[in-house]
K.L.:
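The structure follows.
Owing to the predicted nature of the structure, the values given are computational and were not obtained by experimental measurement.
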Amino acid sequence: AQLVESGGGSVQSGGSLRLSCAASGFNLDRWAITWFRQAPGGEREGLLCINKSDGDGMIYYQDLAKGRFTASRDDAKNTVYLQMNSLKPEDTAVYYCAAAAALPGVVVTIRDRYAYWGQGTQVTVSS
């Protein structure tokens, strides 16, 4: 069982990217997914969490993600997406998705709460 992120790349400031988090070996609709990022020399920070489809399915945001980032699910493809708009150079980071069996309706950054992590995908935003 694993998560694989894709969709990263280089984009100019103001541009958009959509990252994918695809699961294999388990059904992603039964898991809450959090998107994280880690900039060079920085700590891993949580962005948002999308709750599982058989839960409330809602999205919970950290302040830094509100207004520009959002998430969605395609259960048929066993994939969760992170849509990023109005990108800025400070958004440059490696982006990760992680799966937890249950989350309390906030973005949880404790790594032990997550059973699966992806390998990350690089996003580079140039000015």
K.L.:
Is the shortest side-chain heavy-atom distance between M84 and L47 below 4.5 Å?
P.N.:
no
K.L.:
Could you tell me which non-hydrogen atom of Y95 sits nearest to which non-hydrogen atom of A93, and how far apart they are?
P.N.:
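It is CD1-O, 3.4 Å.
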K.L.:
Does the side chain of R68 reach to within under 4.5 Å of the side chain of D91, using non-hydrogen atoms?
P.N.:
yes
K.L.:
Got a sec, which pairs hit disulfide bond (SG atoms under 2.5 Å apart) with one end in residues 61-112, sequence neighbours left out?
P.N.:
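Matches after skipping sequence neighbours: C21-C97.
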K.L.:
For Y96 and Q119, work out which heavy atoms get closest and say how close.
P.N.:
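Nearest pair, atom of Y96 first, then Q119: CE2-O, 3.5 Å.
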K.L.:
Taking only Lys NZ, Arg NE, NH1 and NH2, and the carboxylate oxygens of Asp or Glu, determine whether K66 and D63 approach each other closer than 4.0 Å.
P.N.:
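Counted as a salt bridge, because a side-chain N and a carboxylate O are separated by less than 4.0 Å.
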K.L.:
Where do V106 and C49 come nearest, in terms of heavy atoms and distance?
P.N.:
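Result for this residue pair: O-CB, 4.4 Å.
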K.L.:
Closest approach of G15 and V11, non-hydrogen atoms and distance?
P.N.:
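Residues G15 and V11, closest heavy atoms: CA-CG2, 3.8 Å.
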K.L.:
Looking only at heavy atoms, what is the nearest atom pair of T109 and G46, with distance?
P.N.:
CG2-N, 4.0 Å
K.L.:
Is the distance between the ring centroids of F36 and Y114 under 6.0 Å?
P.N.:
yes
K.L.:
Has the side chain of T124 got a donor or acceptor atom that lies under 3.5 Å from a matching backbone atom of T92?
P.N.:
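Here the side-chain-to-backbone pair does not exist.
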K.L.:
May I ask you to check whether Y61 and T70 show a side-chain donor-acceptor distance below 3.5 Å?
P.N.:
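A donor-acceptor contact under 3.5 Å links the two side chains.
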K.L.:
If you take all heavy atoms of A71 and L48, which pair is closest and at what distance?
P.N.:
CB-CD1, 3.5 Å
K.L.:
Given 3.5 Å as the limit, does a donor-acceptor pair link the side chain of R73 with the main chain of N51, or not?
P.N.:
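Flag set: sc R73 to bb N51 pair under 3.5 Å.
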K.L.:
Below 6.0 angstrom between ring centroids: does that apply to W31 and Y116?
P.N.:
yes
